[in-house]
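Reading through the structure tokens given below for one structure.
The structure displayed is predicted, hence computed values, not measured ones. Sequence positions, counted from 1, serve as the residue numbers for this chain.
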Amino acid sequence: MTTQELFGQQRISRVLLRLAPPVMFSQLIQALYNIVDSFFIGRSGESGLTALSIIYPVQLLMIALAVGTGVGINTAMARKLGCGRNEESQKFAGMAAPLALILWAIFALAGFFFMPFYAKLGSSTTEVINDVVVYGRIVCIFSFGLFLESGWTKVLQSEGNMRLPMLAQIIGAGVNILLDPVLIFGFGSFPAMGIKGAAYATIIGQIAAALVVMKKGFRHSPKFHFYLPYSALIFKLGIPNILMQSAYTFYILGLNLILKTFSDQAVTALGLYYKWQAFFFIPLGSMQTCVVPVISYNYGSGQLERCRKTVMESILFGMGLMFFGTLCFEFIAEPMFRVFTKDEQVIKIGVWAFKFIGVSFIPMVTSLMFPVVFQALGFAFKSSFLTVFRTVILFVPLGYAFSRLGLQYFWLTFPITESLTTLAGLFCYKKWIYSATATASISTSAPFGKAETSKQLRAGFETK
């Protein structure tokens, strides 16, 4: 099946059901890796769990730039394919490796020099600080596998190939899971390395995943004079995703600093929530991945109604599956925490927190989906605004305000933030629908009819 037949002609529900399962499965493997990784580190010592919670925002920042840049390439390729410019699409694909290596070099240097300072921001406990520095430096200095895999994966996904990226995620996570107990606790000739072993298992898994997608994802670099204009467009299209993912980094860092004023156990509880979140957010994450090329392609080819159907069906699908997460957070929170820790204080804090966080899952679907929709449509400002509104204007200030009332009230931040962001996203989406429908109505009444509508939408998409 060609890209045109898949993105432009198939029923939207069938397109999503075709694209989503491989993405969901690969994300399931990644979520299981996160859970297993924390399980083994928790068994090696409580300080390791706190260190993982502190280093998590840095890992998110790397993922933000890696995936966001890949999404920029993905969106540019889908746009060009929708406009029939296949050769130009391949030139954008060729930018994946050069940009990945540049980003890796930046993080390798920053991670080496600034990690001790960052570790002291998150904790005053010497053992925790040492674990953060050791783990953080390794995952930053050897992060080239993460950046290359993300770029090549998005190249393949823009062409509708979801299976090979899924295989890469499975192999990468599998390698990581197998190496974790060996390198953390030692086995045979392998000495016990503790949290350092967990870091090495992580980067070896990332490199293995990159090798899987390299053969089909790698494309020859365009000529050097294309680098500046192509990079500018890639980052323009990827900035909403980069900002959205980076904002997670800063708001989690902000929340960690707020919770640090209560105890290290409160920081650990938040970190363990994000480990479980990765598992329960698989449906939402897969929808975010799948809608970008579908919406970009159809908007580029002037099929507005297919864009609208994609948005609505992906949101309904995400909400239906996220309801399961809400039930788990409300009724089995304590067993979920006991998977990782025996610290009764962490468990007590976490069980109370999950009662509030679970309620936020349904509005969180729309609060996170609308920024991705506007990114796929090429409206970077709207996408960025919703992300900044959620993380900068709402999350950390509300978290600080509620924390002044006590730790038990801090967790109200989650449902209130997601509900307000949903309302803002719905308002922006309704305005876009009204504007786009009005433009299409005027165009279809003109002498050129529907063909002119397609040209106008395509032209507008090209100039954003």
Is it the case that atom CD in Gln345 sees more than 12 heavy atoms from other parts of the structure closer than 6.0 Å? yes

Among Phe337, Phe361, Phe340, the one residue meeting ring-ring contact (aromatic ring centres under 6.0 Å, His included) with Trp276: Phe340

If I compare all heavy atoms of Phe185 with all of Ala192, which pair ends up nearest, and what's the gap? O-CB, 3.3 Å

Return the set of residues passing side-chain hydrogen bond (donor to acceptor under 3.5 Å, both in side chains) with Tyr251 (not counting sequence neighbours), or none when no residue passes. Tyr274

Distance-only donor-acceptor hits, side chain of residues 257-272, under 3.5 Å, sequence neighbours excluded:
unit_1, atom_1, unit_2, atom_2, d
Lys260, NZ, Leu121, O, 3.2
Thr261, OG1, Ile258, O, 2.5
Ser263, OG, Gln265, N, 3.4
Ser263, OG, Ala266, N, 3.2
Asp264, OD2, Thr125, OG1, 3.4
Thr268, OG1, Thr50, OG1, 2.9
Thr268, OG1, Asp264, O, 3.0

Between Ala64 and Ile242, the two heavy atoms sitting closest are O-CG1, 3.6 Å

Would you mind listing every side-chain hydrogen bond (donor to acceptor under 3.5 Å, both in side chains) that reaches into residues 319-340, with sequence neighbours excluded? Glu334-Arg338, Arg338-Glu344

For the OG atom of Ser150 and the CD atom of Gln206, what is their distance to the nearest 0.5 Å? 8.5 Å

Counting C-beta onward and ignoring hydrogens, is there a side-chain heavy-atom pair between Val139 and Met62 closer than 4.5 Å? yes

How close do Thr153 and Pro165 get, counting heavy atoms only, and between which atoms? CG2-CB, 3.6 Å

Taking the side chain from Tyr200 and the backbone from Ile184, do they hold a donor-acceptor pair closer than 3.5 Å? no

Taking atom types as modelled and ignoring hydrogens, do the side chains of Thr422 and Thr366 form a donor-acceptor contact shorter than 3.5 angstrom? yes

Once you round to the nearest 0.5 Å, how far does CG of Leu368 lie from CG of Leu386? 10.5 Å

Check whether Thr69 reaches the backbone of Leu65 with its side chain - one donor and one acceptor, N or O, closer than 3.5 Å. yes

Between the side chains of Gln157 and Lys154, does any donor sit under 3.5 Å from an acceptor? yes

When every non-hydrogen atom of Met115 is compared with those of Cys140, the smallest separation belongs to CE-SG, 3.9 Å

Locate the shortest heavy-atom distance separating Gly48 from Ile41; write the atom from each residue and the value. C-CG2, 3.5 Å

Tell me, please, which residues at least two apart from Pro116 pass side-chain contact (heavy atoms from CB on, under 4.5 Å). Val133, Arg137

Is any side-chain heavy atom of Asn256 closer than 4.5 Å to a side-chain heavy atom of Pro57? yes

Who passes side-chain hydrogen bond (donor to acceptor under 3.5 Å, both in side chains) against Arg308, sequence neighbours left out? Glu305

Treating Ser419 as the side-chain partner and Ile416 as the backbone partner, does any N or O pair qualify as donor plus acceptor under 3.5 Å? no

Quick one: pull up CZ in Phe354 and CZ in Phe414 and give me the separation to the nearest 0.5 Å. 9.5 Å

State which residues pass ring-ring contact (aromatic ring centres under 6.0 Å, His included) with Phe40; sequence neighbours excluded, sorted by chain then number. none

What distance separates Leu179 CG from Asn176 CG, expressed to the nearest 0.5 Å? 7.0 Å

Check: Phe144 and Ile207 side chains under 4.5 Å, non-hydrogen atoms: yes

Can you confirm whether Ile138 sits close enough to Lys196 that some side-chain heavy atom of one is under 4.5 Å from a side-chain heavy atom of the other? yes

Of all residues at least two apart in sequence or in a different chain, which pass the ring-ring contact (aromatic ring centres under 6.0 Å, His included) check with Phe389? Phe385

For Leu316, the side-chain contact (heavy atoms from CB on, under 4.5 Å) test, sequence neighbours excluded, returns none

Across all chains, not counting sequence neighbours, the side-chain hydrogen bond (donor to acceptor under 3.5 Å, both in side chains) partners of Tyr429 are none

Would you say the side-chain atoms of Trp104 pair up with the backbone N or O of Leu146, donor to acceptor, closer than 3.5 Å? no

Is there a donor-acceptor contact under 3.5 Å from the side chain of Ser384 to the main chain of Phe381? no

Do Trp152 side-chain atoms and Ala96 backbone N/O form a donor-acceptor pair below 3.5 Å? no

OG1/Thr387 to CZ/Phe374 distance, rounded to the nearest 0.5 angstrom? 11.0 Å

Determine which pairs satisfy salt bridge (charged side-chain N to carboxylate O under 4.0 Å, His left out) with at least one residue from residues 407-428, sequence neighbours left out, and list them in order. Arg390-Glu418

Using the benzene-type ring in the case of Trp, are the ring centres of Phe356 and Phe329 under 6.0 Å apart? no

Derivation and outcome, side chain to side chain contact (heavy atoms under 4.5 Å, CB included), residues Leu237 and Val71: CA-CA 8 Å; Leu237 295 170; Val71 167; over 6 Å; no

Residues passing the side-chain hydrogen bond (donor to acceptor under 3.5 Å, both in side chains) test with Thr341, sequence neighbours excluded, are Glu46

What do the steps show when you test Asn74 against Val155 for side chain to side chain contact (heavy atoms under 4.5 Å, CB included), and what is the final call? CA-CA 6 Å; Asn74 181 312; Val155 167; over 6 Å; no

Would you say that Leu52 contacts Tyr56 through its side chain, given a criterion of any heavy-atom pair below 4.5 Å between the two side chains? no

Please name the pair of heavy atoms, one in Phe147 and one in Ala66, separated by the smallest distance, quoted to 0.1 Å. CD2-CB, 3.5 Å

Are Leu167 and Leu164 side-chain neighbours, meaning at least one heavy-atom pair lies under 4.5 Å? yes

Enter the distance from Trp352:CH2 to Leu407:CG here, rounded to the nearest 0.5 Å. 10.5 Å

Could you tabulate the donor-acceptor pairs under 3.5 Å formed by side-chain atoms of residues 393-406, not counting sequence neighbours?
unit_1, atom_1, unit_2, atom_2, d
Ser403, OG, Gly399, O, 3.4
Ser403, OG, Tyr400, O, 2.6

